[in-house]
2 protein chains.
Amino acid sequence: MPQSSNPIAATFAPHDHQECAHRALDEAAARLAEQGARLTPVRRRTLEILLESHRALGAYEVLDRLAAEGFGRQPPVAYRALEFLVSHGMVHRLQRLNAFTACLHPGDDHHPAFLICRSCDKVAEAAGVPIRDSLTEIAGRGGFQVERATIEAVGLCATCAAGGAE
Amino acid sequence: MPQSSNPIAATFAPHDHQECAHRALDEAAARLAEQGARLTPVRRRTLEILLESHRALGAYEVLDRLAAEGFGRQPPVAYRALEFLVSHGMVHRLQRLNAFTACLHPGDDHHPAFLICRSCDKVAEAAGVPIRDSLTEIAGRGGFQVERATIEAVGLCATCAAGGAE
DNA sequence: GCACCAAAAGTTATCTTATCACATTCGGGT
DNA sequence: ACCCGAATGTGATAAGATAACTTTTGGTGC
C-alpha cells in the first residue's frame with residue numbers, strides 16, 4: 001500500500017501492486033504460521049491471485065487460474081482454498097458480488113465495511129467499527145443481539161470520479 | 001404489526017400476522033396504484049406469500065408455492081414477480097441469504113438495515129439512516145461516494161434469546 | 001365490438017455459483 | 001517404514017439466476 005493520508009484513497013489510487021501484495025502475503029504467511037495453519041501451495045497461490053488485483057474475483061475465476069497453473073480444475077479446489085483463507089481472516093467474501101477479495105491488513109479489524117467501486121471494480125476496506133457500533137446500538141434497542149454483520153457499499157471511488165470514468 | 005414501543009421487537013414478538021400482512025398488502029396496493037404499476041395476480045400472490053411469514057424466502061420456495069397454486073412453474077415466473085416487487089420497493093432482497101422478504105412499511109426508509117435472527121429466521125428492518133450516514137461519512141473521507149449500501153446483521157432476537165432457543 | 005400494441009406471463013434451455021461424496025495423496029510423528 | 005489425519009483430486013449434482021423466444025392478456029383508439 002502506498003504512502004497516503006488515507007487508506008481508502010490509497011487503495012483506489014494507482015500504486016505498486018507488487019509491493020503491497022507482497023507485503024500482505026508475507027504478513028499472511030507469518031500469521032498462519034503462528035496459528036499453526038498450513039499455507040499449502042494451492043492456498044498460497046489462491047491468496048496471491050486475489051492479491052494481484054484489488055478486485056474481487058469469483059470462485060470460478062480463481063479456479064480457472066489455478067487450473068491453468070496445474071492445480072485441480074474442479075470447483076472444490078477453489079472453494080476449499082477460499083474457505084480456508086476466509087476462515088483464517090486472510091480473505092473476505094463479498095455477498096453482493098458472490099466474490100472474494102484478499103484482506104490487505106489481516107489481523108486488524110477483521111470485520112470491515114467494503115467499498116466497491118462500480119467503475120473500476122476495486123474493493124477497499126473501511127473501518128467497520130463505528131458503523132457496527134451504530135448498528136449494534138440500534139438493534140440492541142429492539143433487543144436484537146448482533147453477531148455478524150455484512151456492510152457493503154457500491155459507489156464511485158475518487159480516482160474514477162476524477163477520471164471521468166463516470 | 002402489533003402495538004409495541006419498538007418496531008424491531010414487534011417484528012420478532014408473536015403477533016397477528018394476518019393483520020399486519022393484510023395492512024402491508026393494502027398499503028402496497030395503494031402505492032402501486034398511485035404509481036400506475038399493475039399488481040397482477042402473480043405479483044399480488046408473491047407479495048402475499050412473503051408477507052405470510054416474516055421470514056425471507058428463496059426464489060424457488062416462492063416458485064414452488066406459486067406453481068402449487070396454478071401459476072407457471074419455471075424460475076422466471078418467480079424471479080420476474082420478485083424483481084417487480086423489489087424495484088417498486090415492496091420487497092427487499094437479502095444478499096446473505098439469497099432470499100427475499102416483504103417490506104413492512106413501503107415508502108418510509110427504503111434502505112433499511114436488516115436484522116436476521118439465526119434461530120427463528122425472521123427478518124426485521126431497522127432504521128438504516130444513521131448507519132448509512134456513518135458509512136457515507138467514513139467512505140467520504142477516502143473520496144468514495146456511496147450510492148447503494150447493503151447492511152445485514154445476523155444474530156439473535158429478543159424472543160429467541162428469552163425462550164432459551166439459544 | 002374489434003383490431004392493435006405493449007406489457008405480462010409462460011416455456012425451454014442454459015449459465016453461474018456452490019456443495020456432496022468418495023478416492024487418493026501428502027506430511028508429520030513414532 | 002508405518003500410521004493417521006489433513007489436504008487434494010474428481011465426478012456428480014444441487015441451488016440460484018438469466019437469456020431467448022412464444023403466447024396470452026389488457027388497455028387504447030377506432
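Lettering follows sequence order; numbering is per chain, from 1.
A close approach under 4.0 Å does not occur between any side-chain nitrogen or oxygen of A:Arg73 and OP1 or OP2 of D:dT8. The shortest distance between the side-chain N/O atoms of A:Arg43 and the OP1/OP2 oxygens of D:dT8 is below 4.0 Å. Distances shown here put every side-chain N or O of B:Thr40 at or beyond 4.0 Å from the OP1 or OP2 atom of D:dT25. The side chain of B:Asn98 places no N or O atom within less than 4.0 Å of a non-bridging phosphate oxygen (OP1 or OP2) of D:dA15. OP1 or OP2 of C:dA18 has at least one side-chain nitrogen or oxygen of A:Tyr79 nearer than 4.0 Å. For the OP1/OP2 pair of D:dG11 and a distance below 4.0 Å, the side-chain nitrogens and oxygens of A:Gln74 include at least one atom meeting the criterion.
As a whole-Å value, the separation of B:Leu66 CG from C:dG10 P is 9 Å. Atom CZ of B:Phe71 is separated from atom P of C:dT11 by 13 Å (rounded to the nearest Å). A straight line from CZ of A:Arg44 to P of D:dA7 spans 16 Å, rounded to a whole angstrom. Regarding B:Leu32, its CG atom lies at a distance of 15 Å from the C1' atom of C:dA8, rounded to whole Å. The interatomic distance linking A:Glu61 (CD) with C:dT17 (P) rounds to 8 Å, in whole Å. In this structure, B:Leu63 places its CG atom 11 Å from P of C:dT11, rounding to the nearest Å. Atom CZ of B:Phe100 and atom P of D:dA15 are 17 Å apart (whole Å). In this structure, B:Gln95 atom CD and C:dT17 atom P are separated by 14 Å, rounded to whole Å.
Checking D:dT8, D:dT18, D:dA17 against the side-chain heavy atoms of B:Ala59 singles out D:dA17 as nearest. Ranking C:dT11, D:dG9, D:dA17 by closeness to the A:Val77 side chain, first place goes to D:dG9.
A stacking contact links A:Tyr60 to C:dT17: the aromatic ring centre lies within less than 5.5 Å of the base's six-membered ring centre, and the planes differ by less than 30°.
Listed by chain and residue number, A:Arg141 satisfy the salt bridge (Lys or Arg N to Asp or Glu O under 4.0 Å) test with A:Glu137 (two or more places apart in sequence, or in another chain).
Among residues at least two apart or in separate chains, ring pair (Phe, Tyr, Trp, His ring centres under 6.0 Å) pairs with a member in residues 17-47 of chain A are A:His15-A:His17, A:His17-A:His54.
Residue order along DNA chain D, read from the 5' end via each residue's closest nucleotide, puts A:Ala81 first among A:Pro75 and A:Ala81. Of the two residues near DNA chain D, B:Leu97 and B:Arg80, the one whose nearest nucleotide lies more 5' is B:Leu97.
The pair A:Glu48-A:Arg45 meets the salt-bridge criterion, since a charged nitrogen lies less than 4.0 angstrom from a carboxylate oxygen. Salt-bridge formation is not detected for the pair B:Arg65/B:Glu69: no Lys NZ or Arg NE/NH1/NH2 atom is positioned less than 4.0 Å from an Asp or Glu carboxylate oxygen.
Counting distance only, with no hydrogens placed and no angle test, the side-chain atoms of A:Arg38 and the base atoms of C:dG28 include no donor-acceptor pair under 3.5 Å.
Side-chain atoms of A:Ser134 never come within 3.5 Å of backbone atoms of A:Pro130 as a donor-acceptor pair (strictly under, hydrogens ignored).
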